[in-house]
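Before any comments, here is the structure.
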Amino acid sequence: MSHATLASACAAVLRRDLTLAWRRRGDIAMPVLYALIVITLFPFALGPEDALLQRIAGGAVLVTMLLAMLLALDAMFRGDIEDGSLEQLMMSPQPLALMLGMKILAHWVTTALPLIVIAPLLAGMLHLPTAVMPVLVYALLLATPLLSLLGAVLVALTAGSRRSGMLLALMLLPLCVPVVIFAAGAVAAAQQGLPWLAPIAWLGAALVMALVLAPLACAAALRIALDA
Amino acid sequence: MTALSATAPSPQKLLLEARALSFYRQDEPVFGPLDFCLHEGEVALVEGDNGSGKTTLLRILAGLLHLDEGELRWRGQPWRRIEHLGDTLFLGHHLGLKSDLSARENLAVAAGTYGKRPGRDVTNVLNDIGLAGYEDEPVRRLSAGQKKRAALARLLLLPATLWLLDEPYANLDRTGIELVNRLLLEHAAEGGAALVTSHGAVSFLQGEPKRVRMHA
Amino acid sequence: MANWIPLWVHKLSSPPNFYRFAGVLRPWALGLALLFGAIALYGGLVLAPADYQQGDAYRIIFIHVPCAWMSLFIYGLMAVASFISLVWRIKLAEVVAMESAPIGAAFTFITLVTGSLWGKPMWGTWWTWDARLTSELVLLFLYLGVIGLYHSFEDRRQGARAAAFLAIIGIINVPIVHFSVNWWNTLHQGSTVRILGPSKMSSDMLWPLLTMMVATKFYYIASLFGRVRTDLLSMESGKDWVRQIADQEGRP
């Protein structure tokens, strides 16, 4: 018998989820479209005054990204639970945490990465200075995987429940407060010409922690949520 | 409460032994206490009415549910979930197929995570199971019976000792039922074992199979 | 190690035993809560002198501060009970954790409301995004998340286990939120009561505060025991001991 190696298992799960996302590429565009709509609404609500928009640009883009990701988060495991693939994955001779890590990575690539790509465009619509753009992108590159990882744990917890949409937002809010504070802090500092490395470093440290712990917590949460 | 039909003492080695298994849902007993054993090369039919806990029993043995009471032993040692990952295959009510992927792609993922039996590959397994010509169709375009076959193909492809099949005959035509019986016989001949649930009159294997009754 | 402790814990954690134990203790706890509460209110509202800076407005701390302590204390206790319930699958621990959450949420809510009432004369605004107020608000969301998750499952025990896991994630999150919010903004006055070292508060004001703290603890015990008893009855409704109680109480 040839047992599957860890590398082939990781590749298989990652390839499967990316293929599935590609077959439904319309769904990938949805969060991007949503973010675009929300950002478009800001000037209508606040008035087209450049200075005001410039001041809120960083925060507005971050919160919009967060909400767009939240929208897509709900579906992370639902399909796999409904068609039984998650059971098959849980019974496979592979570390579940690592397999879920691959699923989270695929989810991040298909939902957060497109958002990061259009982030400079969104920020530009609100007149964020070009010099601050790289800081915004760095902050998003660290904050979005963090949100995907934290969100995955919570989605796993709601996996066996009846309703989850609003509940997920309620559960995610306390967890994402620090993420938003540091990401927005970095952008704001850069905008004021202050050193912005410290909040970015905190985000990086949190990401490393989450990379190690979140998949394990996610595996434990799924076992709890599906044990019925 | 429960009884095991008398079968001739098997010369084969004891594989799985269950003593006084009980399961509760919200403190209501679902089944149990249940005793049975399974030897190498043995295929047992789990019998019981709707709601008697057949599926629950299989899910416990699959390690998907936590056992409340009772003892499970595997080859004489206490059963531990972690040691059975990959050695147990579960075919449940949900087939575990991605409807946007083809049968070939679905099987490739399964082989990637579970490994393959020697001498088997995705193409020859799909031919064997009767899905030749449909390998690259998205599963959602297959009929219910073809989907079932695509799920059954996993049994042929993946290496495992214990099969847990929940209603494997559902949605299958006569040749499909014969196919399941052939798979079970081949598996038993290789020293594997299987627990199968089924309700309704089904020509189950030949002769009189071993039975595990959920209720007396 | 004396081996009577685990045995004692084991006996008490069985639902019928705890039901009786809580039934005996609950009236006492409630009585003590009312007694201490009345003494504390009299001490705080009548005996304690007015503050030289804040006048009489400061007197709301006799409610605000004990509630704030309880909001954190109950969260901690809930997390410990959650941990026990997940590791040892003890039903009583699940019930204690899940029934603590609404009480803790209520204390958190009172803290926020009284803090806001206090803020109006002190800061001139009902709400300010100060670090401690914000942390307390996040704590309320944590409680609501736990309660919401618990109730979103068909199977109560499964819901309890999922919510217990969330409570544990939350307790890791509380210090992180507090630290990050502090980093973000600080306006709130520093702590005045310290457990270690001299307190900055006069003893006339301190004793009613501490008495109220004791009163809230007793109230929590009384409230928790009442809720746990009800929950145990409904969860174990099929069991013999519940039938016996129903028979006894149903008899005229």
Side-chain angles (χ1 to χ4, degrees), chain A residues 1-28 75 77-103 106 110 159-160 216 219-220 222-228, chain B residues 23 25-26 30 56 58-68 81-102 105-121 138-140 147 151 154 157-162 164 166 190:
Chain A
M1 284 187 203
S2 64
H3 272 292
T5 63
L6 198 56
S8 82
C10 287
V13 172
L14 193 61
R15 192 184 310 124
R16 183 194 70 169
D17 276 23
L18 291 177
T19 313
L20 280 171
W22 183 246
R23 300 259 155 98
R24 305 219 160 193
R25 21 191 193 282
D27 290 359
I28 301 182
F77 299 122
R78 193 193 293 136
D80 280 12
I81 290 170
E82 280 169 2
D83 62 21
S85 342
L86 197 66
E87 286 167 358
Q88 300 295 333
L89 196 63
M90 287 170 82
M91 291 179 63
S92 78
Q94 309 294 343
L96 182 61
L98 200 62
M99 296 300 110
L100 294 175
M102 289 300 129
K103 284 191 66 67
T110 53
L216 292 170
L222 265 184
R223 286 201 202 286
I224 290 170
L226 295 183
D227 189 353
Chain B
F23 187 80
R25 182 167 290 133
Q26 309 211 32
V30 175
T56 306
L58 293 199
R59 293 181 67 85
I60 288 173
L61 294 174
L64 294 169
L65 281 182
H66 181 85
L67 179 63
D68 286 330
R81 183 182 65 83
I82 197 87
E83 289 164 7
H84 292 271
L85 297 176
D87 198 36
T88 303
L89 287 182
F90 175 60
L91 180 68
H93 175 62
H94 300 296
L95 297 175
L97 297 170
K98 283 282 161 200
S99 57
D100 282 340
L101 298 183
S102 65
E105 287 166 324
N106 270 301
L107 279 184
V109 174
T113 46
Y114 281 71
K116 274 187 253 182
R117 288 185 191 229
R120 299 266 167 80
D121 66 43
V139 167
R140 94 183 102 81
K147 281 180 192 160
R154 236 186 353 242
L157 183 65
L158 310 184
T161 314
L162 179 64
L164 304 167
D166 196 8
E190 287 172 16

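Each chain gets a letter, A, B and so on, in the order the sequences are listed, and its residues count up from 1. Hydrogens, waters and symmetry mates play no part in the numbers below; they use all other heavy atoms, side chains included.
- Counting heavy-atom pairs closer than 4.5 Å to chain B, the top residue among A:Val13, A:Asp80, A:Leu6, A:Leu86 is A:Asp80.
- Qualifying side-chain hydrogen bond (donor to acceptor under 3.5 Å, both in side chains) partners for B:Glu105, counting only residues two or more places apart in sequence or in other chains: A:Arg23, B:Ser102.
- The choice from A:Met90, A:Arg16, A:Met99 that makes the most heavy-atom pairs within less than 4.5 Å of chain B is A:Arg16.
- Looking at heavy atoms from C-beta onward, A:Gln94 lies out of side-chain contact with B:Tyr114 at the 4.5 angstrom threshold.
- A:Arg24 touches chain B through its side chain: at least one heavy atom from C-beta onward sits under 4.5 Å away, while N, CA, C and O do not.
- At a 4.5 Å heavy-atom cutoff, B:Arg120 makes no contact with chain A through either its backbone or its side chain.
- Judged by distance alone, with hydrogens and angles left aside, the side-chain atoms of A:Gln88 form a donor-acceptor pair with the main-chain N or O of B:Phe90 at under 3.5 Å.
- Minimum heavy-atom separation, B:His94 to A:Glu82: ND1-O, 3.0 Å.
- Note that CG of B:Leu89 is 6.5 Å distant from CE of A:Met91, once rounded to the nearest 0.5 Å.
- A donor-acceptor contact shorter than 3.5 Å links the side chain of A:Ser8 to the backbone of B:Gly112.
- Nearest heavy atom pair, residue B:Lys98 against residue A:Gly79, reads NZ-C, 3.6 Å.
- The choice from B:Asn106, B:Thr56, B:Thr113 that makes the most heavy-atom pairs within less than 4.5 Å of chain A is B:Thr113.
- A search for salt bridge (Lys or Arg N to Asp or Glu O under 4.0 Å) contacts involving B:Arg154 returns nothing, not counting sequence neighbours.
- A:Asp83 has its side chain out of reach of B:Leu95: every pair of non-hydrogen atoms, C-beta onward, lies at least 4.5 Å apart.
- Looking at B:Ala110, neither its backbone nor its side chain comes within 4.5 Å of chain A, counting heavy atoms on both sides.
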